Student: 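Supplied in structure tokens, the structure appears directly below.
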Amino acid sequence: MRHSIARGYLAKGFLALLLTSAAGAAYGQDEPTAIEEVIVTANKRAENLQDVPISVSAITGDALAKSRVTQADELVTKIPNLQLTSTVGDNTPIFALRGVSMSDYSLNQSSPVATYYDEVYKGNFAFLGVSMFDLERVEVLRGPQGTLYGKNTTGGAVNLITKAPRLGETSGNIGVGYGNYDRVDVSGAVNLPLGENAALRVAGVYAKADGWFENVLPGQPDLASVSEYGVRATLLYEPSERLRIIVRGSTSYQNPRNYGIYAQPEAVNRPGLDERQIAANVTDRRHARTYSLSLTGNFDVTDTLTVTSITSWDKGRLNFYEDTDGQAIELLEIPYADRATQFAQDLRLTSDLDGPFNFIVGAYYNREKVFNQTTFEIAKDVDSDGLPGVTDADCAIGLPLGCLFENSFDQLKESVALYSDASFDLTETLKLRGGLRYTHDTGEQTNFRSDALGPNGVLVVNLIPSSSLSYKTNNLSGKIGLDYSLASGDLVYATYSRGYRANSFNAQAFFDPSELSVAEPETVDAFELGAKTQFADRRVTLNMAAFYYRYENQQFINIDPSTAAQTLQNIPRSRIMGGEIELTAHASEHLTLRGAVGLLDTKIEEGIVSGVDVSGRELANAPALTFSGGVDATVMDGDSGKLSLHADLSYASSQYFEVLNIPRLRQDRYTLVSAHIDWESADGAWNASIWGKNLTDRFYFTSRVDLLAGFGFDYNHVGAPRTFGVTVGRSF
């Protein structure tokens with residue numbers, strides 16, 4: 001208890017110091033200086049962020065590293081209208097963007113907010129792994145990206161762009177950190193020239209920490225620990241001025257103690273436990289392994305035409321044993337297994353013409369193969385040895401106590417697409433933009449079977465015989481818009497776009513063949529009006545967007561609370577409207593203020609869930625208001641080095657994690673506060689940082705599922721507690 005109180009005072013003092021110092025920096029500020037241009041590749045070509053007619057947020061890799069953003073989950077504290085659910089654990093986020101989300105936690109699914117590493121699509125959870133290290137920047141594109149990005153981008157796209165090698169340069173960095181929960185971090189990168197035309201960059205990260213979910217069972221380890229590493233090697237080869245080749249290879253591995261489940265009601269399922277204590281009898285390690293190879297080539301056919309080829313291969317596996325009931329009994333446990341491989345090829349031609357017309361045309365192919373296995377272990381400890389009351393024969397006649405239900409299947413999806421994106425200058429100030437993408441998708445779910453097993457794992461009865469399903473879909477998505485450039489150089493744009501998410505197979509069929517199903521494709525028709533502005537000698541950047549969506553056939557997993565039967569369905573029609581405002585004010589070379597607001601108003605217009613008409617209900621993962629803001633202040637910059645202070649705040653209003661909008665499962669509004677103090681030597685060779693996240697130790701949920709009627713508890717994931725530490729780095 002004394003340690004907890006001390007940590008609380010330390011966090012409050014740390015935050016007060018930051019805010020006081022920031023105020024001091026603002027007082028007596030130097031002459032303002034202009035904000036540097038932010039270059040992004042959201043439109044598959046390098047452009048100034050202010051010239052891109054898309055609602056896109058960009059954060060540099062250095063800024064993320066200094067803020068201690070070590071996993072993709074934490075991006076939600078930086079980006080307006082970006083949310084997530086963490087039903088399948090850390091580093092495998094299910095993103096929601098502008099209210100478009102995936103209401104399913106099955107490991108065979110792909111989110112409608114697509115994740116890309118260096119332009120390589122990572123659809124399956126098994127491909128994600130450890131990625132947030134040695135990044136050049138992260139770009140988050142809001143809204144359907146149905147032309148250049150394609151399927152499964154109905155909500156948008158998250159692009160992680162790594163640092164590329166530099167020719168003729170020998171450089172590198174290494175950092176070491178220590179934090180609470182005995183967290184140890186090591187990261188580094190080295191850039192080596194290989195002659196005049198080639199260079200190699202090797203980067204890696206390692207992290208290990210004790211679990212923050214304290215397990216009160218004697219002899220059992222704490223849950224939600226950290227144990228991971230990632231390594232990436234990038235080779236750059238430029239044999240001529242016209243040809244640039246980049247080969248990337250990476251691998252990562254995670255084996256922490258698995259997350260813990262916060263089971264409610266507390267009086268029944270958590271008697272005498274604090275918020276971050278658990279009595280878990282299943283403490284197995286979570287295993288996630290990834291391998292990735294990609295070859296990116298850019299060839300300038302002429303001074304105005306470039307051919308780009310991106311060839312990639314991915315392999316991953318994800319296995320974890322979930323203590324679903326979050327208790328010391330074996331009421332409900334679920335082992336998950338996911339193995340996946342992927343091959344993809346993207347080939348495109350990009351123009352850079354002097355005339356009014358420019359274009360991108362391309363072709364894309366993706367082949368993804370998945371093996372999925374899930375087991376429901378229900379009340380194993382009721383009759384682990386065939387004791388009175390429950391036997392293998394009981395399972396055969398439908399009594400679930402002591403029984404195991406296991407399903408498995410193979411899944412193969414192939415996608416072929418032709419796409420285009422073009423612009424035409426109607427006048428000096430007015431530009432017409434548009435694009436189309438034709439996609440042909442096929443999918444097969446084979447070898448699906450589900451078995452009921454007795455308490456000792458003996459086959460009792462086959463519930464779903466070996467079955468197969470398939471689908472074939474053709475889709476045409478696209479966009480059209482107008483850009484108007486003001487005399488000041490500011491941009492106003494209006495766009496209509498359509499996004500498409502492909503069919504999905506139900507991975508949660510256990511009890512009856514009728515549960516086997518294929519969800520229909522979902523689509524989003526989006527209307528957006530936006531402005532990219534700068535003023536006060538470009539010291540202030542203000543970007544705004546307003547949008548209206550028609551959201552049709554949203555795919556979601558429907559759980560019957562009384563039987564735990566799960567079906568994959570579509571919600572026919574929903575409506576979403578809202579907007580974003582992002583502000584960066586460079587008050588002086590020593591003070592920068594940041595702020596971003598996201599607004600959402602969502603409503604289901606037609607849909608039946610578990611026999612309930614959900615018309616008029618809110619969509620899941622769609623808080624009406626999100627806000628993020630921060631201050632960056634340099635308080636010293638001289639011969640003894642540079643000292644800077646940074647504070648960040650993230651707010652989300654109340655939201656639901658399911659479409660029935662069950663009042664007890666609503667997440668109330670909450671605020672997260674983080675901060676860091678950075679020092680860098682005058683020559684830039686040394687750096688040090690004191691950092692803290694969730695400084696107020698806010699308790700909040702990241703996902704919630706209703707299992708009260710069937711199992712007597714609500715299933716909840718909770719966010720990480722207060723963490724803090726120190727890092728020291730050396731650059732050369």
Side-chain angles (χ1 to χ4, degrees), residues 87 102-109 322 324-325 331-338 370-380 382-383 390-411 443-455 457-471 503-520 553-572 607-612 614 658-660 705-712 715:
T87 315
M102 183 176 85
S103 297
D104 191 354
Y105 47 81
S106 305
L107 299 183
N108 68 318
Q109 306 294 26
E322 180 185 88
T324 310
D325 55 55
L331 174 61
L332 180 61
E333 276 81 42
I334 305 179
Y336 292 92
D338 177 28
V370 175
F371 171 77
N372 189 270
Q373 184 178 62
T374 308
T375 306
F376 273 21
E377 300 182 351
I378 302 177
K380 286 195 307 180
V382 170
D383 181 36
V390 180
T391 66
D392 291 346
D394 292 321
C395 294
I397 61 174
L399 183 65
L401 294 181
C403 305
L404 315 180
F405 301 91
E406 179 180 275
N407 74 15
S408 63
F409 60 89
D410 294 298
Q411 174 180 290
E444 295 180 349
Q445 186 186 60
T446 57
N447 303 318
F448 191 107
R449 64 174 290 141
S450 179
D451 297 317
L453 310 176
V458 177
L459 176 64
V460 173
V461 63
N462 173 241
L463 298 172
I464 301 178
S466 184
S467 306
S468 298
L469 292 173
S470 65
Y471 68 80
N503 305 70
S504 296
F505 295 109
N506 183 19
Q508 302 299 325
F510 284 92
F511 306 109
D512 190 89
S514 64
E515 293 179 282
L516 289 174
S517 59
V518 181
E520 294 298 316
N553 286 332
Q554 181 190 11
Q555 301 170 12
F556 76 103
I557 192 74
N558 179 46
I559 303 175
D560 186 331
S562 63
T563 65
Q566 301 174 92
T567 54
L568 193 60
Q569 300 181 3
N570 294 92
I571 295 177
I608 303 293
V609 177
S610 298
V612 177
V614 294
E658 39 70 46
V659 295
L660 289 173
V705 178
D706 176 20
L707 295 179
L708 190 61
F711 292 94
Y715 168 101

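Note that the structure is a prediction, hence the values are computed from the model and not measured.
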Student: Indicate the ring-plane relationship of Phe448 and Phe409, choosing parallel, tilted or perpendicular according to the 30° and 60° boundaries.
Tutor: parallel

Student: Can you name the residues that form a side chain to side chain donor-acceptor pair (under 3.5 Å) with Glu520, not counting sequence neighbours?
Tutor: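 Residues passing side chain to side chain donor-acceptor pair (under 3.5 Å) with Glu520: none at all.
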
Student: Only one of Asn447, Asn108, Asn372 forms a side-chain hydrogen bond (donor to acceptor under 3.5 Å, both in side chains) with Asp410, so which one is it?
Tutor: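 Single pass found, and it is Asn447.
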
Student: At what distance, to the nearest 0.5 angstrom, does CG of Leu459 lie from CG of Leu404?
Tutor: 11.0 Å

Student: Just verifying a value: how many Å separate Leu107 CG and Thr374 OG1, rounded to the nearest 0.5 Å?
Tutor: 6.5 Å

Student: Side-chain donor-acceptor pair under 3.5 Å between Glu444 and Thr446, yes or no?
Tutor: no

Student: Identify the heavy atoms of Gly607 and Pro572 that sit nearest to each other, and give their distance.
Tutor: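 So the minimum-distance heavy-atom pair works out to CA-CD, 3.7 Å.
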
Student: Tell me every residue that passes ring pair (Phe, Tyr, Trp, His ring centres under 6.0 Å) with Phe556, counting only those two or more places apart in sequence or in another chain.
Tutor: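 Scan of Phe556 (ring pair (Phe, Tyr, Trp, His ring centres under 6.0 Å), adjacent residues dropped) gives none.
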
Student: If you round to the nearest 0.5 Å, how far is CD of Gln555 from CD of Gln569?
Tutor: 12.0 Å

Student: Do you know the tightest heavy-atom contact between Val659 and Ile571?
Tutor: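 Where Val659 meets Ile571 most closely, the heavy atoms are CG1-CD1, 3.9 Å.
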
Student: Is the closest side-chain heavy-atom distance between Arg449 and Asn462 below 4.5 Å?
Tutor: yes

Student: Could you list the residues that satisfy side chain to side chain donor-acceptor pair (under 3.5 Å) with Glu658, not counting sequence neighbours?
Tutor: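 For Glu658 there are no side chain to side chain donor-acceptor pair (under 3.5 Å) partners, ignoring immediate neighbours.
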
Student: Looking at side-chain heavy atoms only, is the closest gap between Leu568 and Ser517 below 4.5 Å?
Tutor: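 Of all side-chain heavy-atom pairs linking Ser517 with Leu568, at least one is under 4.5 Å.
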
Student: Determine whether Phe376 and Ile334 satisfy the following criterion, side-chain contact (heavy atoms from CB on, under 4.5 Å), listing intermediate values before the conclusion.
Tutor: CA-CA 5 Å; Phe376 273 21; Ile334 305 179; 3.5 Å; yes

Student: For the residue pair Ser467 and Pro465, what are the closest heavy atoms and their distance?
Tutor: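 Minimum heavy-atom contact is OG-O, 2.6 Å.
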
Student: As an exercise, state the distance from CG of Asn506 to CD of Gln445, rounded to the nearest 0.5 Å.
Tutor: 7.5 Å

Student: For Leu331 and Phe711, what are the C-alpha separation, side-chain angles and deciding distance, and is it a side-chain contact (heavy atoms from CB on, under 4.5 Å)?
Tutor: CA-CA 8 Å; Leu331 174 61; Phe711 292 94; 4.3 Å; yes

Student: Applying side chain to side chain donor-acceptor pair (under 3.5 Å), can you list everything that pairs with Asn570, at least two apart in sequence or on another chain?
Tutor: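 For Asn570, no residue satisfies side chain to side chain donor-acceptor pair (under 3.5 Å) once neighbours in sequence are set aside.
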
Student: For the side chain of Asp104 and the backbone of Ser106, is there at least one donor-acceptor N/O pair under 3.5 Å apart?
Tutor: yes

Student: Quick one: closest heavy-atom pair of Leu660 and Val612, and the distance?
Tutor: CD2-CB, 3.9 Å

Student: Name all residues meeting the side chain to side chain donor-acceptor pair (under 3.5 Å) criterion together with Thr375; count only those two or more places apart in sequence or in a different chain, and write none if there are none.
Tutor: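 Once residues adjacent in sequence are excluded, the partners of Thr375 under the side chain to side chain donor-acceptor pair (under 3.5 Å) criterion are Glu406.
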
Student: Of all residues at least two apart in sequence or in a different chain, which pass the ring pair (Phe, Tyr, Trp, His ring centres under 6.0 Å) check with Phe371?
Tutor: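 Ring pair (Phe, Tyr, Trp, His ring centres under 6.0 Å) check on Phe371 returns nothing, list empty.
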
Student: Where is the tightest heavy-atom contact between Asn503 and Tyr471, given as atom of each residue plus distance?
Tutor: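 Looking at all heavy atoms of both residues, the shortest contact is OD1-CD1, 3.5 Å.
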
Student: Nearest 0.5 Å, what's the OG-CD distance between Ser504 and Gln411?
Tutor: 8.0 Å

Student: To the nearest 0.5 Å, what is the distance between CZ (Phe510) and CD1 (Ile464)?
Tutor: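 Spacing of CZ (Phe510) from CD1 (Ile464) equals 8.5 Å.
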
